[in-house]
Amino acid sequence: MATKMPGVIALFDVDGTLTAPRKEVTPEMLKFMKELREVVTIGVVGGSDLVKISEQLGKTVINDYDYVFAENGLVAFKAGVEVAIMSLKHHLGDDKLKEFINFTLKYIADLDIPIKRGTFIEFRNGMINVSPIGRNCSQEERDDFEKYDKVHKIRANMVSVLREKFGHFNLTFSIGGQISFDVFPRGWDKTYCLRYLEDFSEIHFFGDKTFEGGNDHEIFESERTVGHTVTSPDDTRKQCAELFLNKKD
């Protein structure tokens, strides 16, 4: 059996990196990650909560990876054991949350886009997820909105308005996936999870939204990581094989 590279961890985004956006992981990727885990410590960090990550990567996700960081690491698991949990409600307080949610819902109500569905705001443990179209849309509607948003910049424009309106709240706005963006206190981006990886001298991060404003940007640019931009799960496998598996012998 191969020995893991000491002091090295490969850390992965979920959507667009290990899976297609909001799709389940393929058997090929599961097999590949199992092989990769034999030679390097592996972890996953996603903006979604553990339920959604488990829907995509499997119900045994916290045991399939050495580290699992949900909600950017605000909910953290090491070797299948929960090691930390942070609360947005306690950090901001109900008055600020209500002010932000009220304004956001009014903005969406006045937003003229082709369709709207439901669940425009999803309150998670460590962040708020905002979707102009609504998270209850179908996959086809997701795909259509993503194309529409690339042209009309619905999310980017909305983030610009919210950033100006609530600058005094010290919030970060991060666009990810196809239909939404995340809102959380500054410093609670994906770099938050790095505090649990102090024992590693080499942290390789793989993500697809590494551009400025994308939800992988901060951790990709961190001085503590070696950042790798990927274009698809196939590209993730290719880059990891070249970096790690070809060295195992």
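Side chains included, hydrogens not; waters and symmetry mates left out as well; all remaining heavy atoms used. Quick caveat, the model's predicted, so the values are computed rather than measured.
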Judged by atom type as modelled, is there a donor-acceptor pair below 3.5 Å linking the side chain of [X] to the main-chain atoms of [Y]?
X	Y	result
S138	E141	yes
N157	K153	yes
R124	E71	no
N72	W188	yes
D216	D208	yes
D15	G176	no
Q56	K23	yes
D66	I42	yes
N63	G80	no

Should [X] and [Y] count as side-chain neighbours, where that means a heavy-atom distance under 4.5 Å?
X	Y	answer
Q239	H204	no
I133	Y148	no
K4	V40	no
V61	L50	yes
M29	T19	no
D13	K209	no

For [X] against [Y], the heavy-atom pair lying closest together:
X	Y	value
A84	Y196	CB-OH, 2.9 Å
C137	R142	SG-CG, 3.5 Å
I219	T225	O-OG1, 2.6 Å
G16	V230	O-CG2, 4.0 Å

Is there a path of hydrophobic side-chain contacts, each under 4.5 Å between heavy atoms of I, L, V, M, F, W or Y residues, that connects [X] with [Y]?
X	Y	value
F211	I175	no
I121	I115	yes
V226	F69	no

- Message: Evaluate F123 against L88 for side chain to side chain contact (heavy atoms under 4.5 Å, CB included), listing each step before the verdict.
- Response: CA-CA 9 Å; F123 186 82; L88 177 63; 4.1 Å; yes
Which distance, rounded to the nearest 0.5 Å, do you find between the [atom1] of [X] and the [atom2] of [Y]?
X	Y	atom1	atom2	result
S174	E218	OG	CD	5.5 Å
L57	L18	CG	CG	6.0 Å
H90	N125	NE2	CG	9.5 Å
E28	R237	CD	CZ	6.5 Å
L11	H228	CG	NE2	10.5 Å
F205	R224	CZ	CZ	14.0 Å

Review item, side-chain donor-acceptor pairs of residues 178-187, under 3.5 Å, at least two apart:
from: Q178; atom 1: OE1; to: Q139; atom 2: NE2; distance (Å): 3.4
from: Q178; atom 1: NE2; to: D143; atom 2: OD1; distance (Å): 2.8
from: Q178; atom 1: NE2; to: E146; atom 2: OE1; distance (Å): 3.0
from: S180; atom 1: OG; to: N129; atom 2: ND2; distance (Å): 3.1
from: S180; atom 1: OG; to: R135; atom 2: NH1; distance (Å): 3.4
from: D182; atom 1: OD1; to: N129; atom 2: ND2; distance (Å): 2.8
from: R186; atom 1: NH1; to: N170; atom 2: OD1; distance (Å): 2.3
from: R186; atom 1: NH2; to: L171; atom 2: O; distance (Å): 3.4

- Just by distance, with hydrogens left out, do T210 and T229 show a side-chain donor and acceptor under 3.5 Å apart? yes
- Message: So, using side chain to side chain contact (heavy atoms under 4.5 Å, CB included) as the criterion, who are the partners of S232 when residues are at least two apart?
- Response: D234, D235
- Task: Output, in order, the C-alpha distance, side-chain angles, deciding distance and verdict of side chain to side chain contact (heavy atoms under 4.5 Å, CB included) for V14 and S48.
- Result: CA-CA 9 Å; V14 181; S48 298; over 6 Å; no
What do you reckon, is [atom1] of [X] surrounded by more than 12 foreign heavy atoms closer than 6.0 Å?
X	atom1	result
E221	CD	yes
K78	NZ	no
E198	CD	yes

Distance-only criterion, 3.5 Å: show the donor-acceptor pairs between side-chain atoms of residues 91-114 and protein atoms not counting sequence neighbours.
from: N102; atom 1: ND2; to: K98; atom 2: O; distance (Å): 3.4
from: T104; atom 1: OG1; to: F100; atom 2: O; distance (Å): 2.8

- Ring-ring centroid check F12 F206, cutoff 6.0 Å: yes
